[in-house]
Amino acid sequence: MLIRDWSSDVCSSDLMVVPAELWQESTRWEQYGKELLRLKDRKDADFCLGPTHEEVITDIVRREVRSYRQLPLNLYQIQSKFRDEIRPRFGLMRGREFIMKDAYSFDVDEAGADVAYDKMYQAYRRIFERCGLRFRAVEADTGNIGGSSSHEFMVLADSGEDAIVSCDSCEYAANVEKAELRDAGGDFPVPTQALTKVATPGQRTIEEVAGFLQVEPARLIKTLLLRTDGGETVAVLLRGDRELNDIKLCRLLGCNEVELADEETVRRVTGAPSGFAGPVGLKGRILADFEVRAMVDAVTGANEVDTHYTGVACGRDFTVETFADLREAVAGDFCPRCAGKLEVWRGIEVGHVFKLGTKYSQALGATFLDAQGQEQVIFMGCYGIGVGRTVAAAIEQNHDENGIVFPMPIAPFQVIVTMVNPNDAEVCAAAEKLYAELLERGIEVLLDDRDERPGSKFKDADLLGIPLRVTVGARGLKDGALEVQERRSGAREMLPLAEVAEAVAERVRGALAG
RNA sequence: CGGAGCGUAGCGCAGCCUGGUAGCGCACCUGCCUUGGGAGCAGGGGGUCGGAGGUUCGAAUCCUCUCGCUCCGACCA
């Protein structure tokens with residue numbers, strides 16, 4: 001409901017089984033890869049279960065929209081999506097099937113699309129704030145969806161699958177996949193050592209070599225041999241203590257995927273088993289992270305079994321085709337926007353907004369006639385929220401030793417009325433009366449009239465995480481009062497029978513407004 | 001795809017190493033008792049030990065294959 005409240009104009013019909021032709025039109029049938037859950041019908045025709053619905057929605061819009069007068073338009077739906085995840089896990093967090101709210105905006109030009117994007121961005125902020133979540137909106141890679149730019153909404157949690165960085169002094173925040181790192185610049189420093197070949201029997205990993213030669217891992221140049229999905233093999237150089245960001249590399253190379261070259265390829269390219277690769281004398285394309293330019297007196301593999309070089313200097317002993325930002329950001333790196341330093345957090349991605357530009361409208365021919373009668377391509381945006389994941393993330397951030405502590409806006413019930421003894425006619429009548437009074441006031445209330453022991457009913461109420469509990473028992477009724485307990489703090493107070501319903505309703509309204 | 005672990009009563013597990021009557025907790029059934037924080041006592045029911053094959057006088061236990069689930073990794077340098 002919360003999501004619906006802040007989403008937009010129209011709800012499209014739900015479609016899950018999508019003919020392959022649509023995905024072929026956008027070229028994503030090939031591009032999306034194994035994550036696309038494909039199936040065949042009885043006539044052996046190809047279909048997929050939609051992992052996201054840019055194609056479907058664009059198809060609907062291209063059939064309906066003729067004129068600029070029909071724009072802007074914003075469509076959304078909340079339904080199951082399907083992704084053949086490489087490893088489904090963590091229950092609701094990453095399943096093959098999940099509920100996603102997805103919205104799509106259609107505008108006459110880029111400026112209009114930017115307005116739509118900004119509105120959705122703000123709406124998403126409000127939704128997640130109202131869910132009681134601690135989160136960050138971060139710049140993100142657009143991945144399989146594509147488009148020009150995007151922001152992810154990341155719930156901060158140590159168990160999160162993503163790492164994000166944020167600047168300690170400005171507003172910059174990004175997924176590490178995306179986080180830019182600046183080129184420190186400068187020229188090659190002057191080396192003090194000569195290139196020397198040393199024996200390193202059996203020392204393959206950075207840790208092994210660094211330990212064997214008694215140098216810091218940062219003094220090593222890590223040489224990765226990678227194979228692109230286009231079949232090209234490239235060498236990438238990084239400082240020994242750094243990790244490659246393969247998304248940055250893919251962007252530089254213009255490919256979709258890179259993977260580590262297999263042992264056979266390593267032997268063919270370097271003439272040595274893996275673990276001894278280095279840039280000195282290496283043939284083929286060599287790319288390097290910015291940091292490598294500043295490295296002298298370094299250690300690299302010698303492309304010879306059980307052998308490394310010391311005293312290696314970039315520029316003197318080998319040359320590099322391109323220096324680029326290729327490594328993963330780490331805590332303490334400089335912010336790309338200001339003089340601040342980056343901090344690293346773990347996060348759960350619960351929402352993602354994209355500026356799509358004309359990627360899908362162009363491919364599928366979604367056009368309109370402008371005021372001058374000219375045909376124009378629609379500008380699109382798309383916006384998603386993982387519904388189940390948002391609830392899971394909210395629970396991750398809001399629980400204690402007794403179970404869930406739901407924030408009021410997303411609680412399945414706002415209040416639970418617990419009858420201590422349902423066999424006591426007076427208790428029963430009082431509880432039912434209160435239940436009715438709360439319903440009248442529009443409160444989402446659950447009545448626990450089970451014939452269970454009080455202890456187990458209290459435990460269940462806690463476990464369910466219902467924010468407020470009203471206990472109706474003979475003990476309180478004797479004094480004409482009922483006990484109201486707050487789940488989060490455990491604070492209890494006795495309220496006069498006649499005032500309970502209104503007082504509780506008022507608290508719910510207050511928490512919803514807050 | 002690589003690695004590891006687990007499949008024994010409805011649920012959670014022990015037993016397996018060292019083969020010999022299949023067990024515990026919770027749940028369930030009956031009775032008594034009990035109603036403001038997951039009660040107590042007494043009695044009771046329930047299991048092709050994931051599946052197939054093999055070894056053996058005898059297999060939950062050992063061996064082989066197989067199915068399913070979970071976890072880790074998928075950056076070796």
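As a basis for the values below, the full set of heavy atoms in this structure was taken, side chains included, without hydrogen atoms, waters or symmetry mates. Note on naming: letters A, B, ... go to the chains in the order of the sequence lines (proteins, then strands), and numbering restarts at 1 for each one.
Using Watson-Crick or G-U wobble geometry with both donor-acceptor distances under 3.5 Å, B:C28 finds its partner in B:G44. For B:C6, the paired nucleotide is B:G68, the pair qualifying as Watson-Crick or G-U wobble because both relevant distances are below 3.5 Å. Of the nucleotides present, B:G73 is the one that pairs with B:C1 by Watson-Crick or G-U wobble criteria, both distances under 3.5 Å. Nucleotide B:G38 forms no Watson-Crick or G-U wobble pair with any nucleotide shown, as no partner meets the under 3.5 Å limit on both distances. Of all nucleotides present, only B:C13 satisfies the Watson-Crick or G-U wobble test against B:G23, with each distance under 3.5 Å.
By the 30° and 60° cut-offs, the orientation of the rings of A:Phe153 relative to A:Phe135 is tilted.
Counting atom types as modelled, A:Asn421 pairs no side-chain N or O with a base atom of B:G36 as donor and acceptor under 3.5 Å. Between the side chain of A:Glu483 and the base of B:G36, a donor-acceptor pair under 3.5 Å is found.
B:G73 and B:C62: their C1' atoms are spaced 32 Å apart (whole Å). Here, B:G23 and B:A74 have their P atoms 46 Å apart, quoted to the whole Å. Spacing of C1' atoms, B:U70 relative to B:U56, comes out at 34 Å, to the nearest Å. B:G12 and B:A27 have their P atoms separated by 15 Å, with the value rounded to a whole Å. Between the C1' atoms of B:A59 and B:G2, the separation comes to 33 Å (whole Å). Nucleotides B:G46 and B:G68 are separated by 25 Å at their C1' atoms, to the nearest Å. The gap from the P atom of B:C24 to that of B:G47 amounts to 15 Å, rounded to the nearest Å. Comparing the same atom, P, in B:C71 and in B:C16 gives a spacing of 28 Å after rounding to whole Å.
Set against B:G37, B:U35, B:G38, the side chain of A:Arg469 has B:G37 as its closest nucleotide. Comparing B:G36, B:A77, B:G37 by their closest approach to the side chain of A:Leu224 singles out B:A77. Of the candidate nucleotides B:C75, B:A77, B:G36, B:C75 has the atom lying nearest to any side-chain atom of A:Leu244. In this structure, the nucleotide among B:A74, B:A77, B:U35 sitting nearest to the side chain of A:Arg87 is B:A74. Closest to the A:Leu463 side chain, of the nucleotides B:U35, B:G38, B:A77, is B:G38. Of the listed nucleotides (B:C75, B:U35, B:A77), B:U35 has the atom at the smallest distance from the side chain of A:Pro454.
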Can you list the steps and then say if A:Arg94 with A:Arg389 is a side-chain contact (heavy atoms from CB on, under 4.5 Å)?
CA-CA 8 Å; A:Arg94 184 172 292 280; A:Arg389 193 185 272 185; 3.7 Å; yes
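Using a 4.0 Å heavy-atom criterion, one finds that A:Arg242 contacts no nucleic acid atom at all. Here A:Gly301 lies out of heavy-atom contact (under 4.0 Å) with every strand. Residue A:Leu226 is out of contact with every strand shown, counting any heavy-atom pair closer than 4.0 Å. If you check every strand for non-hydrogen atoms under 4.0 Å, A:Gln485 touches a base. Counting any heavy atom pair closer than 4.0 Å across all strands shown, A:Arg453 reaches a base atom.
Side-chain contact, A:Glu396 with A:Ser159: a donor N or O sits under 3.5 Å from an acceptor N or O.
Considering A:Thr300, A:Leu244, A:Leu326, A:Val292 in turn, A:Val292 is the only one that fulfils the side chain to side chain contact (heavy atoms under 4.5 Å, CB included) rule with A:Leu237.
Neither OP1 nor OP2 of B:G36 sits under 4.0 Å from any side-chain N or O of A:Thr471.
Counting to the nearest Å, the P atom of B:G36 and the CG atom of A:Asp448 are 15 Å from each other. In this structure, A:Asp451 places its CG atom 16 Å from P of B:G38, rounding to the nearest Å. Between the P atom of B:A74 and the CD atom of A:Glu161 lies a distance of 13 Å, rounded to the nearest Å. Distance A:Arg204 CZ to B:A77 C1': 9 Å, rounded to the nearest Å. At whole-Å resolution of the value, CG in A:Asp424 and C1' in B:U34 are 15 Å apart. B:C75 atom P lies 22 Å from atom CD1 of A:Ile221, rounded to whole Å. If you measure from atom CD of A:Glu208 to atom C1' of B:A77, you get 10 Å, rounded to the nearest angstrom. The interatomic distance linking A:Asp241 (CG) with B:C75 (C1') rounds to 15 Å, in whole Å.
In terms of position along RNA chain B, the nucleotide closest to A:Gly455 lies nearer the 5' end than the nucleotide closest to the other residue of the pair A:Gly455 and A:Glu328.
For the residue pair A:Arg487 and A:Asp462, the shortest heavy atom distance occurs at NE-O, 2.9 Å. Heavy atoms only, all atoms of each residue included: A:Ala199 and A:Phe212 are closest at O-CE2, 3.3 Å.
Of the possible donor and acceptor atoms, one in the side chain of A:Asp325 sits under 3.5 Å from a partner among the backbone N and O of A:Leu181.
Atom CZ of A:Arg337 has more than 12 neighbouring heavy atoms from other residues, nucleotides or ligands inside a 6.0 Å radius.
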